[in-house]
There are 2 protein chains.
Amino acid sequence: MKHLRILTYVAEVARHGAIRRAAERLNITPSALTRQIQDIEYELGTPIFERVAQGMRLNAAGELLVRHIRDQRADLERVRSQIADLSGVRRGHVALACSQAFVNHVVPDEVEAYRALFPQVTFTVQVRDHVQAVAALTQFEADLALVLQPPPSADMQVLFACRQTLCALMRAGHPLAAETGPVRLRDCLVHPMAVPDRSLAIRHHLDDALARRGTPLNAVIESSSLEFLRNLVLREDAVSLQVPSGIPDDPRLRFRPIDARDLPPMSLILAQLRGRTLPVATAKFADRFAGSLHQRYGAQGP
Amino acid sequence: MKHLRILTYVAEVARHGAIRRAAERLNITPSALTRQIQDIEYELGTPIFERVAQGMRLNAAGELLVRHIRDQRADLERVRSQIADLSGVRRGHVALACSQAFVNHVVPDEVEAYRALFPQVTFTVQVRDHVQAVAALTQFEADLALVLQPPPSADMQVLFACRQTLCALMRAGHPLAAETGPVRLRDCLVHPMAVPDRSLAIRHHLDDALARRGTPLNAVIESSSLEFLRNLVLREDAVSLQVPSGIPDDPRLRFRPIDARDLPPMSLILAQLRGRTLPVATAKFADRFAGSLHQRYGAQGP
DNA sequence: TGGGCCGTTGCGATTTCGGAAACAGGAGCC
DNA sequence: GGCTCCTGTTTCCGAAATCGCAACGGCCCA
C-alpha cells in the first residue's frame with residue numbers, strides 16, 4: 001500500500017541502523033531517504049533517531065513509532081485478508097426482507113443450508129409487508145426481498161417467480177378435512193373464518209376476489225399474525241387462508257387448495273433492486289435461493 | 001501526518017457519502033478525489049464503494065477498511081501523545097462526550113484544572129444524550145463519555161460510577177424551599193412542573209417511576225435544555241427536576257433531593273471504549289477525572 | 001424533458017519526490 | 001597531522017505523482 005511507503009523507510013532504517021544500507025535495500029538513494037526521515041521528525045516535533053558516527057540509532061520516541069508501524073502493518077494485512085475473503089463467497093452479509101408467510105420454514109431452511117456451507121456469512125431477516133419490502137430494497141435496508149404479490153415496481157428486478165395457490169387451513173377433524181384435493185371457496189365461507197388482516201397481501205388478494213363476486217366475508221377473527229391464526233385454528237373449528245409455503249409441518253393441521261376458479265393463485269417473488277451489483281456472498285445466496293425455490297415450487301418466468 | 005492523507009480521503013467520502021461534498025470539505029477537487037479512491041480500489045483489488053445515483057456507499061470491504069482507518073488514526077494519536085510525554089511536555093487532545101447535566105461545572109472545572117497543569121492539552125466537549133454518547137465512543141468521535149444512566153453496552157468500559165439522586169429545583173422563596181432535606185415526589189407534583197423532555201435521561205427515569213405508580217405528570221413546561229428550565233424556575237414558582245451535578249451555585253436557586261422511595265437514584269458513568277488504549281494525555285485526564293468524581297460524589301463499584 | 005446532482009475523464013499546471021554528485025564530520029590508522 | 005573510509009546531509013535538476021479545470025455521461029426528479 002502506497003501510504004505506508006514513508007513508514008517503511010523508517011522501519012528499514014531502524015532495522016539496518018544506517019541510511020545508506022537501508023537505501024540500498026529500498027532501491028532509492030540515501031538523499032531521498034534522509035529527507036523523508038527529516039520530514040517525519042519535523043512532523044512529530046522530535047527526532048526519532050540518534051545520529052552516531054556508525055549510523056542511526058532509534059531513540060525512545062523512535063522505538064514507540066516503530067512498534068506502531070509494525071502493528072499498523074500487521075493490522076492492514078489482516079484487513080486485506082478479510083477483504084480478500086469478502087470477494088469470495090466465504091464472508092459477507094445478506095439482508096433479506098420477506099413476507100411473514102416465509103418465516104416458517106422457507107427462509108430458515110435456506111439460511112441454515114447456506115450457513116452450513118459458509119458459516120462466515122451473516123444474515124439479517126426483516127419481516128415486511130409486500131409494500132414495505134420493496135421500500136426496503138430501494139432504501140438499501142435489504143439486499144433481497146421474498147414477497148407475495150408485490151406491487152409492480154420498476155425498481156425491482158425479479159430473480160425468481162412462481163405461483164402460490166391459497167389454501168384453506170383447518171385442524172384435523174374439521175369437516176372440511178374429511179376430504180382432500182381442491183375445495184371451493186363457498187364451502188369455506190360457511191365456516192367461521194380466521195383470516196389475515198389488511199396488512200397482509202393474502203387479505204388484499206382475498207378481498208379483491210370477493211369484491212368481484214359480491215360475496216361477503218364472514219371474518220370471525222382477523223390478525224396480522226399468521227402464526228396466531230394457525231394457533232387459533234388448532235383450538236376451534238375455524239378456517240384460515242394461508243399459502244402452502246407458510247404452513248408448518250404439523251400433523252394436527254390440514255390444508256386444501258382453494259379451487260382456481262374462486263381464487264387465482266398469488267405470485268411469489270424473489271427480487272433485488274434493479275441495477276444494483278450485489279456483494280458476492282449475497283449474489284451467491286440469491287442464486288442458490290432461486291434454485292431452491294425452483295426445486296420446491298417449479299418455475300414460472302420472471 | 002502526511003501518509004494518512006489518502007486514508008483521510010476515504011474516510012471523508014465514507015462520512016459524506018458523496019465525492020463532491022467530501023472534496024469540498026477536504027479543499028480539493030472531486031477529480032483528485034475520485035482518482036485517489038480508484039487507486040486504492042485498484043491496490044486492494046476490489047471496490048470499496050458502491051456507486052449509486054445519490055453518491056458513494058461503502059460496501060462490506062469498505063466498512064472493514066474504514067474501521068481500520070479509524071483504528072489506525074486513533075493508535076497514531078496515542079503514539080504521538082506517548083512521544084510527546086517522553087519529552088516532558090505533555091500534549092495531546094481529549095475528546096469528551098457528556099450529558100447536558102455536566103456542562104455547568106463538573107466538566108468545565110475539571111478541564112480547567114487539567115489545562116492549568118498541561119496547557120498543551122486541547123479539548124473537545126460534545127453534548128450528547130445518553131444513547132448518542134455511547135455511539136460517539138464506538139465511532140471514535142469521543143475518547144471518553146460522562147453520562148447519566150447510559151444504556152448497558154458491551155462496548156463501554158466503565159472508569160467511574162456513582163449514584164446521583166434527582167433533586168427538586170425551585171427558586172428561593174418557593175413554598176418547597178421553606179424546608180430542607182428530602183422531599184416527597186407527590187409534594188412536588190402539586191406545583192407546576194418544568195421538566196426535561198424525552199431527549200434527556202432524567203425524563204426517561206422520571207417517566208419510568210411515574211408509570212410504575214400510575215401517577216400522572218403535570219408537565220407545564222418541558223424542554224431539552226436544562227439551562228432553560230433553570231431560567232424558567234427563576235421566573236415563576238415552578239419546580240424542575242435535575243441532578244445535583246448539573247445545578248449551578250446560584251443563591252437564587254434551592255434544591256432538595258427527592259425521597260428515595262419515590263425515585264431511585266440515577267447512575268453517573270464515566271466510560272471509554274472497551275479495549276481501546278487511550279493516548280497518554282487522555283488516559284491521565286481520565287484518571288484524574290475519575291479521582292475527582294470520586295472525591296465529589298464518593299465511590300460506587302463500576 | 002430539461003435542470004441539477006452525481007462520479008469520471010483528458011489535459012495542462014503544480015507540487016512532490018527521487019537521483020547524482022558534492023559537502024561535512026567523525027573514526028581508525030599510519 | 002594527514003589519509004582513508006565510513007557516516008548523514010545538502011544542492012540542483014529531472015521525473016513522477018498530484019491537483020485543478022473543464023467537459024462528459026448517467027441518473028433522478030420535477
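Numbered from 1 within each chain, the chains take letters A, B, ... in sequence-line order. When reading the values below, keep in mind they use all heavy atoms of this one structure, side chains included, and skip hydrogens, waters and symmetry mates.
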TODO: Would you tell me if any nitrogen or oxygen in the side chain of A:Tyr9 comes within less than 4.0 Å of OP1 or OP2 on C:dC17?
DONE: no
TODO: Can you tell me the distance, in whole Å, between the CD atom of B:Gln38 and the C1' atom of C:dG10?
DONE: 13 Å
Open item on the list: Please classify the nucleic acid contact of B:Phe49 as base, sugar-phosphate, or nothing, using heavy-atom distances under 4.0 Å.
Closed with: nothing
Task: Derivation and outcome, salt bridge (Lys or Arg N to Asp or Glu O under 4.0 Å), residues B:Glu141 and B:Arg128 - done: CA-CA 11 Å; B:Glu141 289 170 15; B:Arg128 305 267 193 133; 2.8 Å; yes
- [ ] Give the rounded distance in Å between these two atoms: CD of B:Glu50 and P of C:dC6.
- [x] 17 Å
- [ ] Considering only NZ, NE, NH1 and NH2 on the basic side and carboxylate oxygens on the acidic side, decide whether B:Glu41 and B:Arg51 come within less than 4.0 Å.
- [x] yes
Task: Candidates C:dG10, C:dA27, C:dG19 - which lies nearest the side chain of A:Ala53 - done: C:dA27
- [ ] Flag the pair B:Arg276 and B:Asp143 as a salt bridge only when some basic side-chain nitrogen lies within less than 4.0 angstrom of an acidic carboxylate oxygen.
- [x] yes
- [ ] Nearest whole angstrom, please: distance from the P of C:dG10 to the CZ of B:Arg35.
- [x] 10 Å
TODO: Report yes or no: do B:Ser225 and B:Ser223 form a side-chain donor-acceptor pair below 3.5 Å?
DONE: no
Task: Nearest-0.5 Å distance, CD1 of residue B:Ile83 to CD1 of residue A:Ile48 - done: 7.5 Å
Open item on the list: Is there a side-chain contact between A:Gln36 and the phosphate of C:dG18, meaning an N or O under 4.0 Å from OP1 or OP2?
Closed with: yes
Task: Heavy-atom pair with the smallest gap, counting every atom of A:Leu268 and A:Ser245 - done: CD1-OG, 4.4 Å
Task: Electrostatic pair B:Arg5-B:Glu12, nearest N-O below 4.0 angstrom - done: no
TODO: Would you kindly give the CG-to-C1' distance between B:Leu33 and C:dC6, to the nearest whole Å?
DONE: 13 Å
Open item on the list: Using a heavy-atom cut-off of 4.0 Å across all strands, would you classify A:Asp39 as base, sugar-phosphate, or nothing?
Closed with: nothing
Open item on the list: Nearest heavy atom decides the nucleotide; on that basis, is B:Gln54 or A:Met56 closer to the 5' end of DNA chain D?
Closed with: A:Met56
Task: Charged N-O contact under 4.0 Å between A:Arg78 and A:Asp75 - done: yes
Open item on the list: Using a heavy-atom cut-off of 4.0 Å across all strands, would you classify B:Arg20 as base, sugar-phosphate, or nothing?
Closed with: base
Open item on the list: Just to be sure I understand the rule, does A:Asp155 reach a base, reach only the sugar-phosphate, or reach nothing, if contact means heavy atoms closer than 4.0 Å?
Closed with: nothing
- [ ] Check the distance between C:dT16's C1' and A:Ile6's CD1 and give it to me in whole angstrom.
- [x] 10 Å
- [ ] Check whether the side chain of A:Ser31 and the base of C:dA21 form a donor-acceptor pair under 3.5 Å.
- [x] no
Open item on the list: Using whole Å, what does the distance between atom C1' of nucleotide C:dC17 and atom CZ of A:Arg5 come to?
Closed with: 7 Å
- [ ] Name the first nucleotide and the last nucleotide along DNA chain D (5' to 3') that come under 4.0 Å of a heavy atom in chain B.
- [x] D:dT18 to D:dC28
TODO: Starting from C1' on C:dG7, measure out to CG on B:Leu26 and report it in whole angstrom.
DONE: 16 Å
Open item on the list: Counting the benzene-type ring for Trp, do B:Phe285 and B:Phe123 have ring centres under 6.0 Å apart?
Closed with: yes
Open item on the list: When you measure from the side-chain N and O atoms of B:Arg51 to the phosphate of C:dT8, is any distance below 4.0 Å, counting only OP1 and OP2?
Closed with: yes
- [ ] Would you kindly give the CD1-to-C1' distance between B:Ile40 and C:dT8, to the nearest whole Å?
- [x] 17 Å
Task: End-to-end axis angle, where each axis spans five pairs of the helix from C:dT1-D:dA30 to C:dC30-D:dG1, to 10° - done: 30°
Open item on the list: Any carboxylate oxygen within less than 4.0 angstrom of a Lys/Arg side-chain nitrogen, looking at A:Arg203 and A:Asp207?
Closed with: yes
